[in-house]
Structure formats: C-alpha cells, structure tokens
There are 2 protein chains.
Amino acid sequence: MARTTGSDGEKTEAAVREAAVSLIARLGYEAMSMRQLAAEVGVQAAALYRYFPTKQDLLFMLMREHMEGLIEAWRATRPVGADPAARLAAYVENHIAFHIERRHSTHVSNMELRSLSHEKLTQILRMRTAYEKELRAILRDGVEAGLFSIEDTGLTAMALIQMMTGVIVWFRPGERLSIAEVTATYLAMTMRLVGAKSDGATTSHGAVRPFERATDAAAL
Amino acid sequence: MARTTGSDGEKTEAAVREAAVSLIARLGYEAMSMRQLAAEVGVQAAALYRYFPTKQDLLFMLMREHMEGLIEAWRATRPVGADPAARLAAYVENHIAFHIERRHSTHVSNMELRSLSHEKLTQILRMRTAYEKELRAILRDGVEAGLFSIEDTGLTAMALIQMMTGVIVWFRPGERLSIAEVTATYLAMTMRLVGAKSDGATTSHGAVRPFERATDAAAL
DNA sequence: GAATTAATTGAACGTTTGTTTTATTATCCG
DNA sequence: CGGATAATAAAACAAACGTTCAATTAATTC
C-alpha cells in the first residue's frame, strides 16, 4: 500500500503524458478525470501530483511541448536560402507530416485552448503566432518575387493553415490514401491556391512534383 | 418563491437556447454548469428542466437545429440548373455567410461532437455528410465537364470545407476586413484551388467576380 | 371569482470532482 | 546492512455536479 515494486519516476511520467494526450484528445480536458487518467497509467490519482502541480498545468505542459516540437521540426527542416516556392513546399510538407504524426496532441492543442488561464493561453498563442508568421513571410516573399498571386497574405496564410491542419479531422492512417499521397495532393492544392507560376518545381498543369520526401518527412 | 411575474415559457426557452449556445461556445459543454446557464437566463437551475430532459439533450437540440439551418439555407440558395462553377461559387458564399453569421453555434457543432452519445452523434454526422455530399457532387460535375482540374474529389471537398469553416477561428466582424471582402477572397482562392478555367464568372487572372451578394447572403 | 394550468423556486439527493495529507514501502547509496 | 530518499497507496476534504421533488405563485379559463 505504498511504493510498488518496479516503480520508476521517469517511466511513470512518460506514461502519464502519453495517457493524458490520448485521453484528453478522446474525451476532452474537462471530461477527463484525474482518477480516469490515473487508472489508465495504473496508479492512484494522488501519485499524479508528483509530476505536475495541477490538472491545468498538465494541460499547459502538453500544449507547450507540442508547440515547441512543431517549431523545432520546422527550424530543422526549413530551406533557408531557397526560393519561395521551395520554402512553401517545405512548410506544407512539414506541417502535414507533423500534424498527421501527432494527431492526438494536435487535437489537444487546438481544442482545449479555452481551458487555459489567460496567462498560459497567451504563452501558447505567442508560439502559434510565431509559427504562422513564417508562412506569411514565405507568401510575402513569393508575391514580391512575382511568383505567387495572392489578394491578402494574412488571410491566405490562415486559410492554408486551417486547410492543412484539417487533415487530422478526416485522415486515418492505413485507409484509402497514404500519407505521401495526401501530402502530395495538399501540396498541389496549395500551389494552385497561391497562384504559383508553373515553373521550377511545378508541372505544366499546375500540380507539383511530390519532392520524394513525404513518407519520411517527420523523423524529428 | 414560485412562478415569477411576467414569466413566459416561450421567451424563457428562447433565452435558454441563446444563452446555452453562447456559454458552450465560450466555455465548452463540459465546463458549462447548469447553474451557470440558469444564472445567465435569470432563473433557477431546476427551471431549465421544463425545456429539455437532460443536459446532453440540450446539446443535441442545439446541434440538430444548427445543421438543419445550414442544410435549409443551402436548399433555399442553390442554383439548380447552373454550371458547376456557379454552383461552387454559391456553395462557398452560402457556407461562409452562414458560418460567420452563426459563429457560436458552429463552434458548438464542431467542437462538442464527442459529448454526444453514439446514437445522437450518428444523427448529426448523417446530416453533416449529406451537406458535404453536395460539394463533392459539384466538384465531380466540374471535373466531368472539364472545368476543374482536381486530383481527388473527396479530399478536395474536405480541404475546402476545413478552409472555409476555419474562417470563424480568426474572423471578427468589424475588424480589418468586411464579410464581403472575406467571402470574395475565399471564393477566389477556392476557384484557383480547384483549378477552375478562367471563363464565365471568373476573371482573367483566376479571381472571381464577387457575384454582388456577399453582404446580404445569409438572410435566411 | 373560482378552478385550472403554466412556470418557477428552494431545498435536497447521491455522485463525482480536483487536490491534500499521512503513512508505507521499494530502491539506492554508503 | 542501515539510513536516506523516491514513489506510491489510502483515506479524507470541501466544493461542485446533474437532476429530482414538493411547494408556491402567476396567468389563464370558464
């Protein structure tokens, strides 16, 4: 009735995070009880409080790590000197690969923002804005270089992000389409949406060559 | 300590629905308590149960009415005999107008699906699928007529709906852009995204004439 | 104006909630 | 082997939850 044989703080902590992401994604933050989470980990509810001070801190921790992972994945992938079309392609591929691979934590980070305190919400939104800013910069550069025809850079960036992130709503791995096919199609749609001129990486009818990286794109 | 002067069932019921949509959109279904909802209406919690049997039935009622409204708005607007490009334009305009106008109930219908029982969830998803099917039919007709160039009709329909519905995440009435401007830009992006040939209602650079209906589009 | 119906209150029900406290045991270090 | 520390269980807390019930009053009907 106390410390159990084989118990290990690090393993428990990892199990808690994994279970929390899965449960919150499935039930929602408010609907998931601490006892439910504890049962999923195979532990009593009181034991959870070794790893975070409150339930909301757990949520914030999960969200912050998700955003940090997203920004880091982009930082490691982005082609710095390339032309806007190649940079846009890299952004789309990274975004889709990351979000498909982390469907659950994406769900959490997108749906549970309202459960954060004002202060914690601000921190998460700051990270999100920084990430979206990268896309706006690419679009702006593309317009200035005469490669894209866009009415409103900010609006287009939001539309693209909503479109791409929406993949997690309907995509299920192992069904009709592979990740590579989905990524290639979204890339083609993106290029047409921004009015990319058909040259360089794009084929004659406006579709874009798949860049042969979609399957292993998110090996962070 | 009983019936209050001036009390009226119909007015209370309407006030309950309005307050519920607003509160659930802001706090989430699980986070909103019946006492909170009652206080917003100016009534005791017990009085709510005159108008629906359980909290979940209230949620279901709000979602069903939202979906019925969406389908009815499209039914009343759709141009039956027109060509695919005009039908697609009508779909986009109706969708955006409806969702901007009903931001709160859209939020509820999109975010709180997991709080429904399996049976009620199925009913809502059936309505949603029927609505999305209309878009897929338009895209398919456009492809067959040689007007659109699309890789995957189903995937493109989902991408478009996610993109358009996403408007409610960032759009706030009375800020930088008007509803008409947003709608026009989304229409242009949609037409490029589906690879619409530049003829008929579309201008030379792929943008689409606004159809002069965006502002009064959602007078249901 | 009496009888009936509609609308609501206030109190109470048993559960469940997030969290704290205290005690207990496994593991690690010397 | 013994003391320190890490990790947990078990029990308890007040507060809040959705919902029910009986009592009470306003509005309506005849």
Side-chain angles (χ1 to χ4, degrees), chain A residues 1-24 26-63 108 112 114-117 119-120, chain B residues 1-24 26-63 108 112 114-117 119-120:
Chain A
M1 313 149 180
R3 179 164 189 172
T4 54
T5 70
S7 62
D8 176 349
E10 282 192 34
K11 285 181 183 173
T12 304
E13 179 159 13
V16 167
R17 287 173 197 236
E18 193 180 346
V21 168
S22 166
L23 277 178
I24 296 177
R26 202 160 70 242
L27 311 173
Y29 168 77
E30 294 281 353
M32 178 201 73
S33 77
M34 299 302 270
R35 286 168 180 82
Q36 229 172 334
L37 173 57
E40 189 84 3
V41 178
V43 106
Q44 288 295 318
L48 299 173
Y49 288 84
R50 283 225 135 235
Y51 306 102
F52 44 84
T54 70
K55 188 186 181 187
Q56 197 198 143
D57 283 300
L58 165 63
L59 176 63
F60 177 66
M61 182 176 76
L62 298 175
M63 286 186 171
V108 172
E112 307 296 349
R114 62 186 161 201
S115 295
L116 293 178
S117 67
E119 174 193 342
K120 294 197 181 71
Chain B
M1 316 150 179
R3 179 163 190 173
T4 53
T5 69
S7 62
D8 176 349
E10 282 191 34
K11 285 182 184 172
T12 303
E13 180 160 14
V16 166
R17 287 175 197 233
E18 194 179 347
V21 167
S22 166
L23 277 179
I24 296 176
R26 202 161 69 243
L27 312 173
Y29 168 76
E30 295 281 353
M32 178 201 73
S33 76
M34 298 301 271
R35 287 169 179 84
Q36 229 173 333
L37 172 58
E40 189 85 4
V41 179
V43 105
Q44 288 295 317
L48 299 174
Y49 288 84
R50 283 225 134 236
Y51 305 102
F52 45 84
T54 71
K55 189 186 180 187
Q56 197 198 142
D57 284 300
L58 166 63
L59 176 62
F60 178 66
M61 182 176 77
L62 298 175
M63 287 186 171
V108 172
E112 307 296 348
R114 62 185 162 202
S115 295
L116 293 178
S117 67
E119 174 193 343
K120 294 197 180 72

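Just so it is clear: chains get the letters A, B, ... in the order the sequence lines come, proteins before strands, and each one is counted from 1.
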What's the shortest heavy-atom distance between A/Leu37 and A/Ala20, and which atoms? CD1-N, 3.6 Å
For the CD atom on B/Gln36, are there more than 12 heavy atoms of other groups (residues, nucleotides or ligands in this structure) within a distance under 6.0 Å? yes
Nearest-Å distance, CG (B/Leu48) to C1' (C/dA6)? 16 Å
Just how far is it from atom CG of A/Leu62 to atom CD1 of A/Ile24, taken to the nearest 0.5 Å? 5.5 Å
Sequence-distant partners of B/Ser22, side chain to side chain donor-acceptor pair (under 3.5 Å), two or more places apart: B/Arg26
Report the nucleotide, chosen from C/dG18, D/dT20, D/dA10, that has the shortest atom-to-atom distance to any side-chain atom of B/Tyr49. D/dT20
Quick one: A/Leu23 CG to C/dT17 P, roughly how many Å, whole number? 13 Å
Residues passing the side chain to side chain donor-acceptor pair (under 3.5 Å) test with A/Arg35, sequence neighbours excluded, are none
Distance-only check: which donor-acceptor pairs under 3.5 Å involve side-chain atoms of residues 43-58 of chain B, not counting sequence neighbours?
from    : atom 1 : to       : atom 2 : distance (Å)
B/Thr54 : OG1    : B/Gln56  : N      : 3.4
B/Thr54 : OG1    : B/Asp57  : N      : 3.2
B/Thr54 : OG1    : B/Asp57  : OD2    : 2.8
B/Lys55 : NZ     : B/Tyr29  : O      : 2.9
B/Lys55 : NZ     : B/Met32  : O      : 2.8
B/Gln56 : OE1    : B/Ser117 : N      : 2.7

So, A/Glu112 and B/Arg114, do they make that salt bridge, N to O below 4.0 Å? yes
Pairing residues for B/Thr4 by the side-chain contact (heavy atoms from CB on, under 4.5 Å) criterion, not counting sequence neighbours: B/Ser7
So which of residues 29-37 of chain B are in contact with DNA chain D, with a heavy-atom cut-off of under 4.0 Å? B/Met32, B/Ser33, B/Met34, B/Arg35
Mind checking side-chain contact (heavy atoms from CB on, under 4.5 Å) for A/Ala31 and listing every partner two or more places apart, or none if nothing turns up? A/Leu27, B/Glu30
Of all of residues 50-57 of chain B, which get a heavy atom below 4.0 angstrom from DNA chain D, listed by number? B/Thr54, B/Lys55
Strictly under 3.5 Å: I want the nitrogen or oxygen pairs between protein and nucleotides 27-30 of chain D, one per line.
from   : atom 1 : to     : atom 2 : distance (Å)
D/dA27 : OP1    : B/Gly6 : N      : 2.7

In chain order, what residues pass the side chain to side chain donor-acceptor pair (under 3.5 Å) check against A/Glu40, with sequence neighbours excluded? none
Within less than 4.0 Å of OP1 or OP2 of D/dT8, is there a side-chain N or O belonging to A/Gln44? no
